[in-house]
There are 2 protein chains.
Amino acid sequence: MKLTPQRKAVFDVILASRDHPTAADIMEHLRNSGQRVSYATVYNSLKYLTNAQLIRELKIGESASRYDARMEAHHHIVCEKCGRVDELLTPLPNEYWQAVTKDTGYDVHDIDIVARGLCPDCRRQP
Amino acid sequence: MKLTPQRKAVFDVILASRDHPTAADIMEHLRNSGQRVSYATVYNSLKYLTNAQLIRELKIGESASRYDARMEAHHHIVCEKCGRVDELLTPLPNEYWQAVTKDTGYDVHDIDIVARGLCPDCRRQP
DNA sequence: GTCATAATCAGACTTATTCTAAATGACGAA
DNA sequence: TTCGTCATTTAGAATAAGTCTGATTATGAC
Ligand SMILES: [Mn+2]
Ligand SMILES: [Mn+2]
Ligand SMILES: [Zn+2]
Ligand SMILES: [Zn+2]
């Protein structure tokens, strides 16, 4: 009793979408495709999938969490005009990790990057 | 009509505190020091001070925003055990900015880092 | 089929933040 | 000083994301 139909449905929406959807986005998508799922189940599924390491939760300054089915290490960049959240695949150099460890005395578990700026599309418009 | 007494009071709390307080922390501090300010005013002041570039708002994954009077460019590191938020002064190498610009096609305005791990104090305890 | 357990559901609740509408206060002009 | 204006403050209502609850519905081992 693990990957129930509802959980799979939520997972599929995230897999299929290219844009890091929020819980509300997922809800809407499921509604539109004729499935009725409760909000509680969507949030429970998101938590289940996150624990199962099938997705991860992104907390990017904005109010609502977004969800990502891409599990390889990567970061994100947000357009300040249109709000889209794109992948940022540029890896952080190893020396940076070392420097953080040294400078802070922390046992560093992970380093998260969120860049902000104007996306290629928005750069064109005035 | 600008830096009113309430706004200054909020600012002073942030300046004096070493630990990136939340709105609620600030409220409590003001209460304890015998000033009565409304929540709305605290939030309005925080917005005013942020616009005035006297403080900045930190959105570190957690629920509540924290506020920082240190305006020089720097980042933050959060202890996963005790929750404290420390300064991370290690600057990101310039080549990283360039790489992000190149890899994403964005006009990059800023890059934010949040590291996570165990603080020196918590490393000692089992 | 029975029973235990896990998952779903609608809706109530919590918490951070924003909004609203009324009261207050500062300032300049008359 | 007295007014009028306009920014600020205030208490409390409203909003929005997310969590919790208790009842209901699968599931599947026996
Ligand atoms: Mn991603
Ligand atoms: Mn800081
Ligand atoms: Zn854009
Ligand atoms: Zn700690």
Side-chain angles (χ1 to χ4, degrees), chain A residues 1-14 17 19-68 76 78 83 85 114, chain B residues 1-14 17 19-52 54-68 76 78 83-85 114:
Chain A
M1 234 184 293
K2 289 249 146 156
L3 193 63
T4 66
Q6 289 88 339
R7 286 168 179 177
K8 182 157 183 354
V10 170
F11 185 41
D12 286 342
V13 172
I14 302 171
S17 97
D19 63 342
H20 307 98
T22 64
D25 294 338
I26 295 166
M27 254 325 238
E28 193 192 345
H29 202 285
L30 291 175
R31 280 257 154 83
N32 290 347
S33 71
Q35 305 177 261
R36 47 183 187 305
V37 200
S38 91
Y39 247 106
T41 299
V42 168
Y43 276 111
N44 286 342
S45 300
L46 290 169
K47 196 159 291 175
Y48 169 86
L49 294 165
T50 304
N51 287 339
Q53 310 251 52
L54 291 171
I55 63 170
R56 55 174 167 146
E57 184 181 7
L58 307 181
K59 299 190 168 185
I60 317 213
E62 309 143 331
S63 31
S65 286
R66 294 172 171 272
Y67 298 87
D68 194 342
H76 295 90
V78 187
V85 176
V114 178
Chain B
M1 234 185 292
K2 290 250 147 155
L3 193 63
T4 65
Q6 289 89 338
R7 287 168 179 175
K8 183 158 182 351
V10 170
F11 185 41
D12 286 344
V13 172
I14 302 171
S17 97
D19 62 342
H20 307 99
T22 64
D25 293 338
I26 295 167
M27 250 332 234
E28 193 192 345
H29 201 284
L30 291 175
R31 281 257 154 83
N32 290 347
S33 72
Q35 305 177 260
R36 49 183 184 303
V37 201
S38 91
Y39 248 107
T41 298
V42 168
Y43 277 110
N44 287 342
S45 300
L46 289 169
K47 196 159 292 176
Y48 169 87
L49 293 166
T50 304
N51 287 339
L54 291 170
I55 64 170
R56 56 173 165 148
E57 183 180 9
L58 307 181
K59 299 192 168 186
I60 319 216
E62 309 145 329
S63 32
S65 286
R66 293 172 171 272
Y67 298 87
D68 195 341
H76 296 90
V78 187
R84 62 190 272 197
V85 177
V114 178

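Letters A, B, ... are given to chains in the order of the sequence lines, protein chains preceding strands, and every chain is numbered from 1.
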In whole angstroms, the gap separating C1' of D:dA26 from NZ of A:Lys2 amounts to 17 Å
Do B:Glu57 and B:Tyr67 come within less than 4.5 Å of each other through their side chains, counting heavy atoms only? yes
| message | Below the 4.0 Å mark, does D:dT19 have OP1 or OP2 next to a side-chain nitrogen or oxygen of A:Lys47? | response | yes
A:Gly83 and A:Glu62 have their tightest heavy-atom pair at O-OE2, 4.2 Å
For A:Leu3 and A:Tyr48 the tightest heavy-atom approach is N-OH, 4.0 Å
Would you kindly say whether B:Thr41 and B:Asn44 are connected by a side-chain donor-acceptor distance under 3.5 Å?
no
So, do A:Leu46 and A:Ile14 sit near enough that their side-chain heavy atoms are less than 4.5 Å apart?
yes
Do A:Asp25 and A:His29 come close enough that some side-chain heavy atom pair is under 4.5 Å? no
Expected list for residues 56-67 of chain B near DNA chain C, using heavy atoms below 4.0 Å, is B:Ser63, B:Ala64, B:Ser65
When every non-hydrogen atom of A:Met27 is compared with those of A:Val42, the smallest separation belongs to SD-CG2, 3.5 Å
message: Contact between A:Val10 and A:Gln6 at the side-chain level, heavy atoms closer than 4.5 Å - yes or no?
response: no
B:Gln6 CD to C:dT24 C1', in whole Å, measures 11 Å
Separation of D:dT8 atom C1' from B:Tyr48 atom OH, nearest Å, is 12 Å
The correct set of residues in residues 24-44 of chain A placing a heavy atom under 4.0 Å from DNA chain C is A:Arg36, A:Val37, A:Ser38, A:Ala40, A:Thr41
